[in-house]
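For reference, the structure is listed below as C-alpha cells.
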Amino acid sequence: MSQLPERFVSLMDRIGLPGLPDALAEGSPEVSVRFNRGKLPCQFDGAVPVPWCDRGIYLPSRPSFTLDPAFHQGRYYVQEAASMFHAAVVEHLVTLLPPRPLRVLDACAAPGGKTTAVADVLPEGSLVVANEYVPSRAAVLRENIIKWGDPGMIVTRGDTASLSRLRDTFDIIVADVPCSGEGMMRKDPEAVAQWSEGLVAECAARQREITANLWKALCPGGFLIYSTCTFNRSENEENVAHIIDSFGGESVEIPVEPSWAISPGIDTPHHCYRFIPGVTRGEGLFVSVIRKPGSPSLSTVPSRKEKKQGRRSKGGDAVPPQVMEWLGCPERFAITSASGRITAFPAEHAGLLKAVGEAVDVIHEGVTLATVKGRDIILAHALAMSTALRRGAFPEVEVDRDTALRYLHGEAPVLPSGSPRGYLLLTFGSSPLGWVKNLGSRCNSLYPQPWRIRIKG
C-alpha cells in the first residue's frame, strides 16, 4: 500500500483517530457477500455472518467471483460489509413509516450494492429509483439491477438538480455521496494518491449541493440517509449539521448492538455512525439519518388518471397475448410494447414512472420481457433473471458448472437428447441462468454479449 499523506495522518490525529492510519497501512480488506432475498442462496466454505445484516457473510478468502455462475445469476452481491449497514438502517426506518409500499430513491447508486440491499428490506410492492450520473457507471448499475431481478426498480441517468424536480416524492432517499474516499485507502491505492485537503473541501461543498437538491424530492416526514466512505469531519458531521440547520431536519437514532463496534460521531450532538477499520470489521463508512419535518402520507397509490394511463399501452404496439403467461402475477403489472420492446412495470407506480421519465433519462424500468423483430419475439435476459418470471412457463434444462461457464462465455451449450425446440431456460443450482433457442440442428445462446465472461477458468 502507498504511504499515507502526512497531512492525512495529522488530520486523523486532530479529530481523535490516531490509530486509524496504522490500521489502514497494516490491515487487509475484508471479503464479504450478501444474498438475494428473492433467489436461492448458495454455500461458501468457512463463512461467518455479518452481524448487522442477516443475509451478509464474511468469506475467509476471495474466490474468483467471475467464474462462479451463481454470481451471474444474481443470487448474491459482492459488497463491503460496512455498506450492508444501509439495509439495517432502512429496515428500522420502515417501522417509522405508515405500513404501505414505499418509494425510495438511491441518488448516487452505482454500482448497485446499496440499492439492492435497501430493496431487499422494503415492504412488498415498494419501488426503488436507482440513479447514476456517470454513463459508464450507470451501465454497470443497470446490469447489476437486472441480474438482481427485482421488478420494482427504475434505473435512471441524471444529476441531482434534475431529480429535485420530483418534489415531495420519496419516503426515503439514500445519498451515498461522492467523497474524498479515505475509507477506501486500505483497498484502493488511487484513494491514497488523490487525497488532499483541497479535495476534502471540494467534496464537502459538492455534497452540500447534492443534499440541497435531494431534500426537495423528499416527502414530508421522509428520511434522508446521508453516507460517505471517508473519515474527516468536514464531509461527515459538519455536513450533517449543515443539513439539519439549513432545512430544519431532525437527527434520527438507529438501534445498534454494542458488539457491532460501530463508533459514534465525533464532537457532534447528532446521531452518527462510523465504521472504522481496526475497530469495526469492514472498511470505512459514515452514516447519519435526517428526517424532514411534516407527516408522511398514508398512501402512495397514484390518482385514478395515473392508474388508467399506466394500465394501457397508449400510443404503443399491440402486446402479444402469450406474454401474460410468462409472469407469476401478471395482474400486478402494466404491460407495454413500444419501439419493439415489451416491458412489464408495476401498475401501482405507473404515475411515478412517468414523472421520473420527465425529470431524468430512464435506462431500465421493471422487467424487459422481450424484443419484437418482424414476426419473431426474442426473449430478454432480464426476464430470465426476474423474480417475476413464472417458473414452468418455459421448458427448463439444468446444467452443470462447466456447461454454465461455457454459456456465460457466449458458447452454445450441448443440450440433452430430446430437448424440446424453441426457447429453453437454462438453470444452474435450480436457479435461472439464461435463455437458449433450440433449433434442433443447433442451439443459439441468448446471453447478452456485453456481459460475457472474458477470462477462462
Side-chain angles (χ1 to χ4, degrees), residues 1-32 62 78-86 107-111 113-114 132-134 136-137 140 159-160 174-212 225-243 261-268 272-288:
M1 176 179 156
S2 304
Q3 185 175 0
L4 298 176
E6 290 185 8
R7 297 183 72 87
F8 170 75
V9 175
S10 175
L11 175 60
M12 294 302 101
D13 186 61
R14 292 200 307 271
I15 67 173
L17 298 174
L20 177 60
D22 288 341
L24 294 175
E26 298 170 3
S28 299
E30 296 282 355
V31 181
S32 48
R62 188 177 186 89
V78 184
Q79 185 177 30
E80 205 286 302
S83 295
M84 298 180 194
F85 184 61
H86 283 74
C108 311
K114 295 181 180 69
E132 175 56 45
Y133 176 71
V134 180
S136 59
R137 287 172 57 81
V140 173
D159 57 23
T160 57
V174 180
D176 187 47
V177 292
C179 67
S180 58
E182 297 162 355
M184 295 293 104
M185 285 181 170
R186 187 161 66 168
K187 60 189 299 186
D188 185 2
E190 181 63 25
V192 178
Q194 71 177 1
W195 189 90
S196 70
E197 290 180 299
L199 175 63
V200 169
E202 179 183 330
C203 289
R206 175 62 176 148
Q207 291 153 1
R208 293 188 180 195
E209 179 184 346
I210 289 172
T211 52
I225 303 172
Y226 178 85
S227 65
T228 74
C229 59
T230 206
F231 300 115
N232 67 79
R233 292 189 71 256
S234 299
E235 298 177 71
N236 294 329
E237 287 89 352
E238 292 178 15
N239 269 352
V240 169
H242 172 78
I243 296 168
I262 300 173
S263 302
I266 297 172
D267 192 23
T268 177
C272 301
Y273 305 88
R274 282 178 169 266
F275 288 71
I276 301 174
V279 178
T280 318
R281 189 174 179 184
E283 302 309 304
L285 180 72
F286 173 91
V287 179
S288 190

Review point. For S32 and Q79, does a side-chain donor sit closer than 3.5 Å to a side-chain acceptor?
Key: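 Checked: S32/Q79 side chains show no N/O donor-acceptor pair below 3.5 Å.
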Review point. Going by distance alone, is a donor N or O of one side chain under 3.5 Å from an acceptor N or O of the other, for E182 and T230?
Key: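 A pair is found: one side chain offers a donor N or O, the other an acceptor, under 3.5 Å apart.
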When you compare the side chain of [Y] with that of [X], does any pair of heavy atoms fall below 4.5 Å?
| X | Y | result |
| --- | --- | --- |
| N239 | S234 | no |
| L285 | H86 | yes |
| F231 | L24 | yes |
| Y226 | D176 | no |
| K187 | E80 | yes |
| T228 | N236 | yes |
| I262 | R274 | no |
| V78 | R62 | yes |

Which atom names give the shortest non-hydrogen contact between [X] and [Y], and what distance separates them?
| X | Y | result |
| --- | --- | --- |
| C203 | P178 | CB-O, 4.4 Å |
| E132 | C108 | OE1-C, 4.1 Å |
| E237 | C272 | CG-SG, 4.2 Å |
| P277 | A23 | O-CB, 3.4 Å |
| A261 | T280 | O-OG1, 2.6 Å |

Practice item. If the plane angle is over 60° it's perpendicular, under 30° parallel, otherwise tilted; pick one for F8 and W195. Key: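 The rings of F8 and W195 stand perpendicular, inter-plane angle above 60°.
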Check your understanding: Parallel, tilted or perpendicular: which fits the ring planes of F85 and Y273, with parallel below 30° and perpendicular above 60°?
Key ->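 The arrangement is tilted - the two ring planes meet at 30° to 60°.
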Any chance you could measure [X], atom [atom1], to [Y], atom [atom2], to the nearest 0.5 Å?
| X | Y | atom1 | atom2 | answer |
| --- | --- | --- | --- | --- |
| H242 | T211 | NE2 | OG1 | 6.0 Å |
| C229 | M185 | SG | CE | 10.5 Å |
| I243 | Q207 | CD1 | CD | 9.0 Å |
| I276 | S263 | CD1 | OG | 3.5 Å |
| F286 | C179 | CZ | SG | 11.5 Å |
| R208 | E235 | CZ | CD | 11.0 Å |

Is a donor on one side and an acceptor on the other found under 3.5 Å between the side chain of [X] and the backbone of [Y]?
| X | Y | result |
| --- | --- | --- |
| E197 | R7 | no |
| S10 | E6 | no |
| S227 | V287 | no |
| R233 | I266 | yes |
| T268 | G265 | no |

Review point. Does the distance from a Lys or Arg side-chain N to an Asp or Glu carboxylate O, for E283 and R186, drop under 4.0 Å?
Key: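 So E283 pairs with R186 through a salt bridge.
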